[in-house]
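Side chains included, hydrogens not; waters and symmetry mates left out as well; all remaining heavy atoms used. Count residues from 1 along the sequence.
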Amino acid sequence: MAAALSAVVSAKLGCPPAAALGSWKGSRISSRNLVSMKTMTARRGLVSLRSPRFRVCCAAKAETVGKVMQIVKQQLALGEEAKLAPESQFTELGADSLDTVEIVMALEEEFGITVEEDNAQSITTIQDAADLIDKLVAGGGGKPPAAA
């Protein structure tokens, strides 16, 4: 079973089977992180190759998401008829790196927060921005959003 599992994993990762037979835990093959391949009887030997990153969707307040959408429309001159969703990526909306910096600056001004550079680089969608804003506001990093 281990050989068959190794062949499946190596095929999915695009590496030779010999590389896949090495130490699994904490290994890197072809610049991809591997999860521990230890199987448990309760899971019947199923192995997940999904990223261990967990993301909670739509954690930000609807009011915050709405304000972020308005600021993005304003900064990118999209017009009121433009349809945006929380999953909308700034690059898909035509934003370049300078536009993204300007969006972050407008968000800082609107919400009275300070976004650190490493956090600013992780903002790629409207939802990312809204989640970060709510986190900073809740943590005392700024004032709560004004009523619409």
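Heavy-atom minimum distance, A85 versus I126: O-CD1, 3.6 Å. Heavy atoms only, all atoms of each residue included: D99 and G94 are closest at OD2-O, 3.8 Å. The shortest non-hydrogen separation linking E102 to Q75 is CB-OE1, 3.7 Å. Annotation for A129 and V68: closest pair CB-CG1, 4.0 Å, computed over non-hydrogen atoms.
Cluster note: L98 groups with no other residue, as no ILVMFWY side-chain heavy atom lies under 4.5 Å from it.
For the atom pair OG1 (T124) and CZ (F90), the distance works out to 7.5 Å, reported to the nearest 0.5 Å. One finds the CD atom of Q89 at 8.5 Å from the CG atom of D128 (value rounded to the nearest 0.5 Å). Interatomic distance, D131 CG to Q127 CD, rounded to the nearest 0.5 Å: 4.5 Å. To the nearest 0.5 Å, atom CD1 of residue I103 and atom CD of residue E110 are 14.0 Å apart. Going from atom OG1 of T114 over to atom CG of L136 covers 8.5 Å, rounded to the nearest 0.5 Å. Atoms CG and CD, from D134 and E63 in turn, are 9.0 Å apart once rounded to the nearest 0.5 Å.
Partner of I133 under the side-chain contact (heavy atoms from CB on, under 4.5 Å) criterion, chosen from T64, V115, I123, V65: T64.
For Q74, the side chain to side chain contact (heavy atoms under 4.5 Å, CB included) test picks out no residue, with sequence neighbours left out. Listed by chain and number, the residues in a side-chain hydrogen bond (donor to acceptor under 3.5 Å, both in side chains) with S122 amount to none (sequence neighbours excluded).
Side-chain contact between M69 and P86 is present, with heavy atoms from C-beta onward closer than 4.5 Å.
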How far apart are the C-alpha atoms of L84 and L93, what are their side-chain angles, what is the distance that settles it, and do they pass the side chain to side chain contact (heavy atoms under 4.5 Å, CB included) test?
CA-CA 9 Å; L84 298 182; L93 300 172; 3.5 Å; yes
